Each structure stands twice: as C-alpha cells, then as structure tokens.
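Structure first, commentary second.
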Amino acid sequence: LPDHLDRPQAVLLDQSGKEPVFLLVYDQGLGKAKLVIEINTPIKKAKRTMNSMQSGRLVDITALKADIGNGASIIHGSL
C-alpha cells in the first residue's frame, strides 16, 4: 500500500470547500474511473481539519476533470 500511495497519477488541490483538501488520483485501469483519496478532510466530530485520509472511492474521470478550474487545480501529474 505505501508504494502505491507514493505514485499517484495526479495530485489535486480542491479549494471549493471551507478548508483545502488534497486529492490523490490513481488510474485503476477501468477506463474512465479513477480512485480518489482525500487527505486533510474536515472531520465534523473533531471540529477542525486533521491530517487524515478518507477511504478512497471511484470517480468518473469526466466529473473529476470538470472540477478543474471550479475550485480544484492540478499540482502534480495529469488526468
């Protein structure tokens, strides 16, 4: 797992919410789907942003690309 997390296809910074969130994007070989892992996600119970990693989910690449320029920017790699 650490080796896989070390090599994302792209790293995005999503600033559309109250707190910025890093999105690690991994190609899953499923055509349009990408695995996205959020880091520094605000945690409601903690009432603050913590250095945490939310479980990943598959995201359609078209939807992910639509976020670029709408609060998200690519800071490493490409989609």
Side-chain angles (χ1 to χ4, degrees):
L1 184 62
D3 288 339
H4 185 69
L5 291 176
D6 188 40
R7 293 185 298 272
Q9 175 184 347
V11 178
L12 281 65
L13 179 59
D14 184 355
Q15 296 179 310
S16 62
K18 284 186 176 181
E19 298 290 334
V21 176
F22 286 103
L23 304 175
L24 304 180
V25 182
Y26 300 92
D27 186 0
Q28 296 301 295
L30 302 172
K32 294 183 178 181
K34 304 290 181 187
L35 175 66
V36 175
I37 298 175
E38 296 180 11
I39 297 182
N40 286 343
T41 302
I43 299 173
K44 291 180 184 177
K45 290 183 181 179
K47 296 182 181 176
R48 62 188 174 110
T49 299
M50 301 180 70
N51 191 13
S52 63
M53 183 169 67
Q54 183 180 20
S55 60
R57 65 190 186 281
L58 290 178
V59 175
D60 186 290
I61 189 65
T62 306
L64 197 56
K65 286 181 177 180
D67 289 340
I68 305 301
N70 291 319
S73 59
I74 297 175
I75 59 173
H76 174 77
S78 63
L79 296 177

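Keep in mind that what you see is a predicted model, and the values were worked out from it rather than measured.
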Practice prompt. Give the minimum heavy-atom separation between Ala10 and Ser78, together with the two atoms involved.
Written response: CB-O, 3.6 Å
Fill in: CG on Leu12 to CD1 on Ile68, rounded to 0.5 Å
4.0 Å
Discussion item. For the CG atom of Leu58 and the CG atom of Leu64, what is their distance to the nearest 0.5 Å?
Written reply: 11.5 Å
Response to the item:
Asp14 and Ser16 have their tightest heavy-atom pair at OD1-OG, 2.7 Å
Item to complete: Could you tell me the separation between the CG atom of Leu24 and the NE2 atom of His76, rounded to the nearest 0.5 Å?
Response: 10.0 Å
Worksheet entry | With sequence neighbours excluded, residues passing side-chain contact (heavy atoms from CB on, under 4.5 Å) with Ile75 | Val11, Leu13, Phe22, Ser73
